[in-house]
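See below for the structure under consideration.
So that the names make sense, note that chain A is the first sequence line, chain B the second, and so on, each numbered from 1.
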There are 2 protein chains.
Amino acid sequence: MNFPIGELSKRTGVKVPTIRFYEQIGLMPEPSRTESNQRRYGKAEADRLNFIRHSRELGFEVEDIRALLAMTAAPQASCHQVDSIARSHLLEIDRRIASLTALKGELTRMVDECGHGRICDCRIIEALADHSHCSAEH
Amino acid sequence: MNFPIGELSKRTGVKVPTIRFYEQIGLMPEPSRTESNQRRYGKAEADRLNFIRHSRELGFEVEDIRALLAMTAAPQASCHQVDSIARSHLLEIDRRIASLTALKGELTRMVDECGHGRICDCRIIEALADHSHCSAEH
DNA sequence: CTTGATGCTCTAGCGGCTAGAGGGATTAGC
DNA sequence: GCTAATCCCTCTAGCCGCTAGAGCATCAAG
């Protein structure tokens, strides 16, 4: 219940330098220190760091996480804003999927048309050189 | 046929500072200069820059583009390597789409379960705090 | 001849870490 | 009690692919 940073790292799967980085940017609070200046953590910090890690894994940006953490500090407030952050993140993910899917279409077409001959005849190179060959916008 | 950097920017849709950046990292060659030290470009440079822009739009990394450009300089060589770069990029895109789709599933589930009440009851916050609620790995 | 757009170089910043230098502290085994 | 391995500390710099800004020179149009 009063462990060093390496132990916090093991419990959460977040690397030690990353924990210090989170402290630096204010995502994690400054912990208490031993007499010899080493950081000591408890369960609260492990919970908070797990929350951060999980949010990052789900693709939330640090600023979103900062906002989400601030909201957990006001548990009686409405979760409307939480919902709004999550929904806009979901929209962003949809956009990214759509964009990547379009790219995948173009690339697949390019690779399929490659005759595996000489570079001067290569359809991939040709397609890269000329956007007007593309079927969709990007 | 001998135009300044702003004109090259307009023709290709690549911003002026980005063109200079590409020159700095060696993607674009050092162009000729006027007596007053201004860059002058021709059609060859515009073609090359279009190739770069289009490749970037399709998500190729700078190092990939460097390799692709080197290959176009040897037009008699086999396009095997071109194909290989494009295919591995395609695999990378597949991986990203799969990962984003998994995230989307988690997030959708979280948002759907949110009762729009108080933060202390919010399923989104709860789900972010505890990875074990997740249905899939990420 | 002036004005405003464009050009130049150089440096620093973004996000989200990661790596390394150069130390001090702790711990396990003998 | 000593030694060696492993931790911990701070600080700085680097990654990618740009983007922004300072502070100045040059150019084209009216």
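Atom CG of A:Leu8 is separated from atom C1' of D:dC7 by 15 Å (rounded to the nearest Å). Rounded to whole Å, the distance from CD on A:Glu63 to C1' on C:dG15 is 10 Å. Note: CD1 (A:Ile19) to P (C:dG16) measures 18 Å, nearest angstrom. Atom-to-atom, CG of A:Leu27 to P of C:dG15 comes out at 12 Å; the value is rounded to the nearest Å. Distance, B:Phe60 CZ to D:dC16 C1': 17 Å, rounded to whole Å. Protein atom OH of B:Tyr22 is 11 Å distant from nucleotide atom C1' of D:dC16, rounded to whole Å. The distance from atom CZ of B:Phe21 to atom C1' of C:dC10 is 15 Å, rounded to the nearest whole Å. Regarding B:Glu57, its CD atom lies at a distance of 15 Å from the P atom of D:dG17, rounded to whole Å.
A salt bridge does not link A:Glu23 with A:Arg20: every distance from a Lys NZ or Arg NE/NH1/NH2 to an Asp or Glu carboxylate oxygen is 4.0 Å or more. The pair A:Glu45-A:Arg48 fails the salt-bridge criterion, with no side-chain N (NZ, NE, NH1 or NH2) lying under 4.0 Å from an Asp/Glu carboxylate O. Between B:Arg56 and B:Glu61 there is no salt bridge, since no side-chain N of the basic residue sits under 4.0 Å from a carboxylate O of the acidic one.
In this structure, A:Arg56 reaches the C:dC17 phosphate: one of its side-chain N or O atoms is under 4.0 Å from OP1 or OP2.
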_At under 4.0 Å between heavy atoms, how does the protein contact nucleotides 2-9 of chain C? Give one character per nucleotide, 5' to 3', with B, S or -._
-----SSB
Using atom types as modelled, flag every donor-acceptor pair under 3.5 Å from a side chain in residues 62-74 of chain B to any protein atom, sequence neighbours excluded.
unit_1	atom_1	unit_2	atom_2	d
B:Glu63	OE1	B:Arg66	NE	3.2
B:Glu63	OE2	B:Arg66	NE	3.2
B:Glu63	OE2	B:Arg66	NH2	3.3
B:Arg66	NH1	B:Ile25	O	2.8
B:Arg66	NH2	B:Ile25	O	3.1
B:Thr72	OG1	B:Leu69	O	2.7

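The 5' end of DNA chain C is approached more closely, in terms of each residue's nearest nucleotide, by B:Gln24 than by the other of A:Thr34 and B:Gln24.
At a threshold of 4.5 Å between non-hydrogen side-chain atoms, the residues A:Asp83 and A:Arg87 count as touching.
The number of heavy-atom neighbours closer than 6.0 Å to CD of B:Glu7, taken from other residues, nucleotides and ligands shown, is above 12.
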